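Scroll down for the structure; my scribbles are underneath it.
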There are 2 protein chains.
Amino acid sequence: MTIRDVAQAAGVHVSTASRALTASHLVKKETRERVLAAAARLGYRPNESARALTTGRTRNLGLIVSDIANPFFPPLIKAAQAHARVRGYQVFVADTDEDVRVEEELIQTLARQVDGVVLVSPRLADDVIARLGGDLPFVLVNRQITGLSAVLMDVAHGAVRAVEHLAGLGHTRLALVCGPRGSWTSAQMRRAAGQAAADAGVRLDVLGPNAPTEQGGIAATAEVLRTGATGVIGYNDLVAIGLIEGLDEHGVRVPDDLSVIGVDDTVAGRLNRPRLTTVAMPTAPAGRTAVDLLLQTLESGEPDHATAQTTLATSLVVRDSTAPPDQSRG
Amino acid sequence: MTIRDVAQAAGVHVSTASRALTASHLVKKETRERVLAAAARLGYRPNESARALTTGRTRNLGLIVSDIANPFFPPLIKAAQAHARVRGYQVFVADTDEDVRVEEELIQTLARQVDGVVLVSPRLADDVIARLGGDLPFVLVNRQITGLSAVLMDVAHGAVRAVEHLAGLGHTRLALVCGPRGSWTSAQMRRAAGQAAADAGVRLDVLGPNAPTEQGGIAATAEVLRTGATGVIGYNDLVAIGLIEGLDEHGVRVPDDLSVIGVDDTVAGRLNRPRLTTVAMPTAPAGRTAVDLLLQTLESGEPDHATAQTTLATSLVVRDSTAPPDQSRG
DNA sequence: GTGAAAGCGCTAACAT
DNA sequence: ATGTTAGCGCTTTCAC
């Protein structure tokens, strides 16, 4: 079932059929309709490989994430993939498992099969990305590299709101449990939270780096307790949940003895007991926006100099893991 | 950077370069090494579109799931994708959003760009799948259709273990909250749990169908209470968690007043409080096995008659949502 | 507005 | 064991 069959059925030449199919208005309306009808009747589907070979465009996108199983990603993947599909693109989803070597190899392989890639990976070194970005349109998520487009989430503002929330409840000694070294999100939080704490006149101890997982949170518990903080902000929901678990083992109750805030607003946080107060990250919108930016770059035809940055708002979702400090303890 | 350049650099003809690259032993060892060296030096990556056009094989796989954001899927996706990549395949991940129309259209589109698809979708009608399966190698997960390969999880055994666990604890009136109509998993559970209940001499009320979500669980709560059951098995972790939530609103405590068991063993269940007793589904192994089955079918060259079924074991993970029945209530 | 023909990069007969 | 050639299905000049 090739374009040949369609052309024959419609009584036109292949090239005419091709034109009719590729939305060219270079073909008389009546002819186009005849071709389209024939294609529909025969159930014709273009061979994307052949199309890619001539045009040099695959209509495929790559989406590279560090860990599909981290609940931060599924909504982003889901949204990106749905958005791309509506626009006629399929997406390869690849998981680097936080392994930088895998990642670089992966990008190289993918490079020939996609028109662009959305990269949500905190670990790969800037210069590697920059080099790779020379060959292929990239859109970064939650990461900034000069010359590359990016979708950013305003986690700085989220961190400020988190500090303000805790300070407003009466906490005067806070702790921030940072994420992995080199994480843009972590750096943003650190800076913004530090400033907000200074503004509010409360103390903030910055702890880390830590693994962005429940284990990371558990591991950080002892250190948090050592600071004497009564309010703590975790790098993400998983870390916050780990913290709550770790605290529980030390007999410290949340939120009665200590308040905990996460970041991301994942299912995990919603299901946790106590339900987690968290900075909601717009993961689904970020997925859509990243795809938009990428397609915009691709379709503008000027891949090299069409750098765009979009920042998406975050918001604080107050649930049950935060409360005023226990007066009896201070 | 084409195979031409590589051939030229190695001082051989294109076809020789091609042979050397495609692992043919049809080329003298020394020549092959020269070609490989040249390819490596030039950073050559084959154009997969061109390759696909000539061979008719894309080295792409499709993975169609009903909802990426359902915590059941990410581990399966992650495993499938990693496994495929090691074997030289990329995977398109597509989410049907539980929409049958989307799904069929999607498969049609994907059909031309992949060598086979792994389908994890409870909803699409058997005959549609069977028709589609005629054109393209399919591997089903948790679903059986004559003539198609499948990876099954032994949820029947899991259901038996769940019933036995509750009966062993002393419960005599159980309820099973089923999943969506037409779900293979749900049917398996229903049959096996019914048998196990009869064997154990306990009563089992079967409820449903229900949405496979937290909401579905919440919605089923009243009906569960009406049965007078003291032990209930949910279709999956999400439903079980919804049940616990719904029960909490009715002032019924888990596990003190009522025991709840889920199915899947997702993060959600692990993070829930009380931590959920659940039937662990081997999602990651299933992803790998599905890919293996698919590649096996592809590489055996006999796509039509190479039907294989693999059943993976499940196990009961006992945590905090189950306990002996409250003696004061019966 | 439509037909003719070239060619994208690669593999697979077919030669030798 | 290697070179030669045709052609996969499609788009895109180039003619007319």
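A quick note: this is a predicted structure, and the numbers were derived from the prediction, not measured. Proteins come first, then strands; the chains are lettered A, B, ... in the order of their sequence lines, and each starts at number 1.
- A donor-acceptor contact shorter than 3.5 Å is absent between the side chain of A:Glu299 and the backbone of A:Gln296.
- Enclosure of atom CZ in A:Arg4 is not indicated, since only 12 or fewer non-hydrogen atoms of other residues, nucleotides or ligands lie within 6.0 angstrom.
- In this structure, A:Asp115 contributes its side chain and A:Arg59 its backbone to a donor-acceptor pair below 3.5 Å.
- A salt bridge does not link B:Arg85 to A:Asp95: none of the charged nitrogens lies less than 4.0 Å from a carboxylate oxygen.
- Note that OG1 of B:Thr2 is 9.5 Å distant from CG of B:Asn47, once rounded to the nearest 0.5 Å.
- At most 12 heavy atoms of other shown residues, nucleotides or ligands fall within 6.0 angstrom of atom CZ in A:Arg181.
- One can place CG of B:Leu26 at 10 Å from P of C:dA12, the figure rounded to the nearest angstrom.
- The residue among A:Thr16 and B:Glu30 whose nearest nucleotide of DNA chain D is located toward the 5' end is B:Glu30.
- Here B:Glu104 pairs with B:Arg131 in a salt bridge; the nearest charged N to carboxylate O distance falls below 4.0 Å.
- If you walk DNA chain D from 5' to 3' and mark each nucleotide with an atom closer than 4.0 Å to a heavy atom of chain A, the marks span D:dG9 to D:dT13.
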Within the sub-3.5 Å range, which N or O atoms of nucleotides 9-11 of chain C have a protein N or O partner, and how far apart are they?
| from | atom 1 | to | atom 2 | distance (Å) |
| --- | --- | --- | --- | --- |
| C:dG9 | N2 | B:Ala50 | O | 3.4 |
| C:dC10 | OP1 | B:Tyr44 | OH | 2.5 |
| C:dC10 | OP1 | B:Asn47 | N | 3.3 |
| C:dC10 | OP2 | B:Ile3 | N | 2.4 |
| C:dT11 | OP1 | B:Arg51 | NE | 2.7 |
| C:dT11 | OP1 | B:Arg51 | NH2 | 3.4 |
| C:dT11 | OP2 | B:Ser18 | OG | 2.8 |
| C:dT11 | O4' | B:Thr54 | OG1 | 3.2 |

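- A:Ile68 approaches A:Phe73 most closely through the heavy-atom pair O-CB, 4.2 Å.
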